[in-house]
Amino acid sequence: MKIMVTVKRVIDPYAKVRPLSDGSGVDTTGVKFDANPFDEIAVEEAVRQKEKNPVIEIVAVSLGGTECEEQLRKALAMGADKAVLIESSENYDTLAVAEEFVALVKAESPDLVLMGKQSTDGDNNQVGQMMAALLGWPQATFASKLELADGTARVTRETDTGEETLEMNLPAIVTTDLRLNEPRYIALPGIIKARSKPLEKRPPSSTATSRVKTVKVEAVPARSAGKKVGSVDELVAELSARGLF
Amino acid sequence: MARLMLVAFDPSEVALGHGFASALGIPFDVLLLSGADPAEIGAERTLAANLGDVPPADSIEDGVVAQLGGYSHIASVSSMRSKDHLPRWAAHLGAAMVTDVIVVEAENRFRRPIVAGSMIETVEVSGSPIVMTFRPSGFAKFSPNGTAAADSITIPITDRTRRVGASARGGARPDLTAAKVIVSGGRPLKDAETFERVIGGFADSVHGAAGATRAAVDSHIAPNELQVGQTGKIVAPDLYIAAGVSGSTQHMAGIKDSKTIVAVNIDPDAPIFENADLGMVGDLFVVLPELQAKLAGKF
Ligand SMILES: Cc1cc2nc3c(=O)[nH]c(=O)nc-3n(C[C@H](O)[C@H](O)[C@H](O)COP(=O)(O)OP(=O)(O)OC[C@H]3O[C@@H](n4cnc5c(N)ncnc54)[C@H](O)[C@@H]3O)c2cc1C
């Protein structure tokens with residue numbers, strides 16, 4: 001059995017970032033990058049499945065420039081067996097990303113693709129579902145529990161009102177939510193050791209397309225700090241003065 | 001020709017679509033997937049699929065997409081459910097998709113939050129159709145009077161993925177995304193029983209909803225569907241009371257559109273005070289009960 005996991009390089013989710021002064025994009029000078037936290041959960045889940053069932057092979061994949069090797073090495077250090085980087089520094093929209101990964105799915109024939117539900121930079125929440133549609137596969141988004149059995153997956157997923165459990169035949173796409181697991185901590189030696197694992201670079205399967213172009217990036221006007229009140233009575237008076245009741 | 005199909009997963013989403021459809025300013029139809037009595041919002045046609053419980057995304061993709069021919073725009077209210085379904089329709093149609101639209105600048109130009117709501121990007125989309133989810137809080141509110149006559153249609157269900165269990169908690173409280181008052185609690189609420197008593201009790205007394213931070217959800221203090229923030233619910237109440245919430249970027253991403261934010265935190269330097277309209281330094285276990293008593297009967 002083979003599990004493919006996607007790993008995106010994103011701005012460190014805890015970093016404070018700003019737009020470039022000309023508004024053409026996000027200013028990333030001096031900003032740390034990391035693997036998308038939801039993708040780390042996906043890698044962790046694949047590794048835990050492999051711990052239960054050692055015949056599983058895990059391939060971690062990414063799309064982007066050479067710098068993405070760093071995030072793939074992290075996935076290898078966590079326990080992925082090999083990595084593939086589709087190397088390109090072009091701009092891809094979500095559907096184009098899905099198309100590139102679908103081409104890779106066709107080449108690698110995984111039984112399951114595990115992905116983060118969204119990346120914390122673009123916040124799009126689209127690529128997994130798009131891949132499932134392009135492949136004609138079942139999907140379970142926002143997974144909080146995954147059980148694999150003979151050719152099927154049973155997934156508990158979060159919904160707007162609670163949770164539900166879906167059962168589907170493999171191959172399938174599962175996207176991860178925060179409560180699926182807590183990724184293990186990888187110490188530096190682990191990352192160095194992972195250098196001996198195979199990391200293959202491939203060219204994109206077709207030319208990059210972007211139907212969605214970012215034309216401007218602006219900071220959100222900060223909510224100004226309001227007033228500190230000294231007592232509950234003062235708080236109630238302020239609320240009343242604002243016409244809340 | 002420009003034409004919008006507004007897809008509502010349940011009847012409550014129909015009225016929420018009015019402001020968005022007006023902002024886009026093109027003729028539109030409504031496709032109601034489940035439930036009856038859609039609001040009259042000025043659609044040229046209203047179709048009702050009567051699906052009951054909306055089936056898993058892969059099971060109705062073909063059936064829904066068969067209804068989408070000829071539309072230049074396809075849109076739904078942002079929710080976990082619409083985010084589950086719409087990207088499939090977009091890929092099926094070979095269409096671009098834009099998530100969480102908050103402003104329509106032109107038929108192909110939209111604004112949306114990125115990086116945990118810390119920045120707003122303007123995107124320009126080429127090609128047609130364009131698939132979108134939108135946040136109703138960005139658009140004018142609409143109170144419909146009357147329901148629209150709907151034409152029944154059949155959406156075939158391909159039984160691929162099986163739903164073998166579902167739990168909706170919720171109870172009697174209003175939905176977070178519709179509540180006028182929300183009281184949220186963070187990590188210091190300790191356990192589920194304390195959360196329910198202090199935060200739940202307060203919410204009930206103001207006929208509001210209870211919300212939580214991810215830290216509270218992760219520590220099993222609050223159920224996951226109460227999580228507010230970048231990766232939880234996006235809310236826009238008249239009054240948001242955050243008690244024992246530090247004010248992380250990810251949490252603030254979900255509450256920015258609230259009219260009035262009140263923070264109660266024991267730490268005078270908590271970041272939430274930088275973004276709250278009204279702040280009170282104090283122990284939430286003392287402040288909330290007193291506030292609850294003094295607000296009794298006012299909401
Ligand atoms: C990818 C990603 C996505 C995330 N998405 C979300 C999200 O959607 N929503 C979200 O909320 N978080 C999210 N987070 C987590 C976020 O970064 C914070 O960790 C989280 O919001 C902190 O929750 P908290 O405020 O309850 O806890 P803490 O940060 O621990 O804060 C607790 C606060 O309570 C105060 N306090 C303690 N005791 C009392 C008392 N007795 N009375 C009053 N105040 C008291 C403390 O002073 C402190 O300010 C996300 C993180 C990542 C990396």
Side-chain angles (χ1 to χ4, degrees), chain A residues 11 13 17 19 26 93-95 98 118 120-126 129-130 132-134 137-142 144 154 158-169 178-179 211-220 222-223 225-229 232-233 235-236 238-239 242 244-245, chain B residues 56-58 61 79-81 83-84 87-88 90-92 96-100 113-127 160-170 214 224-225 230-231 238-239 256 260 273-281 287 290-291 294-295 298-299:
Chain A
I11 297 163
V17 283
V26 178
D93 64 19
T94 48
L95 184 54
Q118 71 190 63
T120 52
D121 50 0
D123 281 337
N124 283 304
N125 200 328
Q126 298 174 8
Q129 298 89 309
M130 286 177 160
L134 295 174
W137 286 8
Q139 77 184 36
T141 50
F142 321 139
S144 57
R154 193 183 166 93
E158 300 189 357
T159 66
D160 294 294
T161 52
E163 53 184 42
E164 67 178 14
T165 304
L166 301 180
E167 232 169 51
M168 62 200 67
N169 296 337
L178 292 166
R179 275 159 291 280
R211 305 153 196 85
V212 183
K213 288 209 168 58
T214 301
V215 293
K216 194 161 66 177
V217 175
E218 295 154 86
V220 174
R223 252 187 124 96
K227 192 172 168 178
K228 283 233 176 98
V229 294
V232 172
D233 284 326
L235 179 55
V236 173
E238 284 288 345
L239 292 175
R242 283 158 196 262
L244 279 157
F245 49 81
Chain B
D58 45 349
E61 173 195 329
S79 67
M80 291 176 79
R81 184 156 60 173
K83 287 175 184 172
D84 187 37
R88 282 195 86 107
H92 194 132
M97 178 161 175
V98 185
T99 299
D100 288 334
I114 53 169
V115 199
S118 60
M119 284 171 280
I120 305 291
E121 72 169 353
T122 305
V123 294
E124 227 165 64
V125 185
S126 52
R160 270 198 300 209
T161 296
R162 303 163 291 281
R163 184 180 279 141
V164 293
S167 75
R169 283 170 286 243
R214 174 182 164 194
N224 69 274
E225 67 274 14
Q230 179 193 18
T231 51
D238 292 340
L239 175 60
K256 281 205 172 82
T260 298
F273 288 124
E274 288 159 30
N275 293 289
D277 302 290
L278 294 166
M280 177 152 174
V281 179
V287 175
E290 187 184 342
L291 183 60
K294 289 184 170 149
L295 290 181
K298 294 201 195 292
F299 285 93

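Below, chains carry the letters A, B, ... as their sequence lines are ordered, and counting in each starts from 1. Keep in mind that the numbers below use all heavy atoms, side chains included, and drop hydrogens, waters and symmetry copies.
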Visitor: Between A:V215, A:L239, A:T141, A:L235, which has the largest tally of heavy atom pairs under 4.5 Å with chain B?
Guide: A:V215
Visitor: Using side-chain heavy atoms (C-beta onward) and a distance below 4.5 Å, is A:R223 in contact with B:N275?
Guide: yes
Visitor: I'd like to know which of A:N169, A:T94, A:V236, A:V229 tops the heavy-atom pair count under 4.5 Å against chain B.
Guide: A:V229
Visitor: Applying salt bridge (Lys or Arg N to Asp or Glu O under 4.0 Å) to B:R162 and A:E167, what does each step give before you reach the verdict?
Guide: CA-CA 5 Å; B:R162 303 163 291 281; A:E167 232 169 51; 3.8 Å; yes
Visitor: Which one of A:L134, A:V217, A:V220, A:T120 has the most heavy-atom pairs closer than 4.5 Å to chain B?
Guide: A:V220
Visitor: Is A:A98 close to chain B through its backbone or its side chain, or both, or neither, when contacts mean heavy atoms under 4.5 Å?
Guide: neither
Visitor: Taking side chain as C-beta onward, heavy atoms only, is A:D233 less than 4.5 Å from B:K294?
Guide: yes
Visitor: Given a strict heavy-atom distance threshold of 4.5 Å, which part of B:E61 is in contact with chain A: side chain, backbone, both, or neither?
Guide: side chain
Visitor: With no hydrogens and no angle check, is any side-chain donor or acceptor of A:Q139 less than 3.5 Å from a backbone partner on B:D84?
Guide: yes
Visitor: State, to 0.1 Å, how close B:R88 and A:A132 come at their nearest heavy-atom pair, and which atoms those are.
Guide: NH1-CB, 3.3 Å
Visitor: Hey, could you give me the CG/CD distance between B:N224 and A:E158, rounded to the nearest 0.5 Å?
Guide: 4.0 Å
Visitor: If you tally heavy-atom pairs under 4.5 Å against chain A, which of B:E274, B:Q230, B:M119 wins?
Guide: B:M119
Visitor: Out of B:D238, B:L239, B:D100, B:T260, return the one with the most heavy atom pairs under 4.5 angstrom to chain A.
Guide: B:T260
Visitor: Taking B:D58, B:L295, B:V115, B:V98 one by one, which has the highest count of heavy-atom pairs under 4.5 Å against chain A?
Guide: B:V115
Visitor: Do A:Q126 and B:T99 meet the criterion of a side-chain donor-acceptor pair at a distance under 3.5 Å?
Guide: yes
Visitor: Please classify the contact between B:F299 and chain A as side chain, backbone, both or neither, with a heavy-atom cut-off of under 4.5 Å.
Guide: side chain
Visitor: Under a 3.5 Å distance rule, please check whether A:D123 uses its side chain to pair with a backbone N or O of B:A116 as donor and acceptor.
Guide: yes
Visitor: Output the option from A:V26, A:L178, A:V17, A:T159 having the highest count of non-hydrogen pairs under 4.5 Å with chain B.
Guide: A:L178
Visitor: Under 4.5 Å heavy-atom distance to chain B, tell me which part of A:L166 shows up: side chain, backbone, both or neither.
Guide: both
Visitor: If you count heavy-atom pairs under 4.5 Å between each of B:A91, B:A96, B:G165 and chain A, which one has the most?
Guide: B:G165
Visitor: Is A:Q129 reaching over with its side chain to a backbone N or O of B:K83, donor-acceptor style, under 3.5 angstrom?
Guide: yes
Visitor: Relative to chain A, which of B:M280, B:R160, B:E121 shows the most heavy atom pairs under 4.5 Å?
Guide: B:M280
Visitor: Has the side chain of A:D160 got a donor or acceptor atom that lies under 3.5 Å from a matching backbone atom of B:M80?
Guide: yes
Visitor: Find the one option among B:T231, B:V125, B:T122, B:I114 whose heavy-atom pairs under 4.5 Å with chain A are most numerous.
Guide: B:T122
Visitor: Looking at A:D121, A:T165, A:I11, which has the largest count of heavy-atom pairs under 4.5 Å with chain B?
Guide: A:T165
Visitor: Picking from A:Q118, A:R154, A:K213, which has the most non-hydrogen pairs under 4.5 angstrom with chain B?
Guide: A:K213
Visitor: About how many Å separate CZ of A:R211 and OG of B:S126, when rounded to the nearest 0.5 Å?
Guide: 8.0 Å
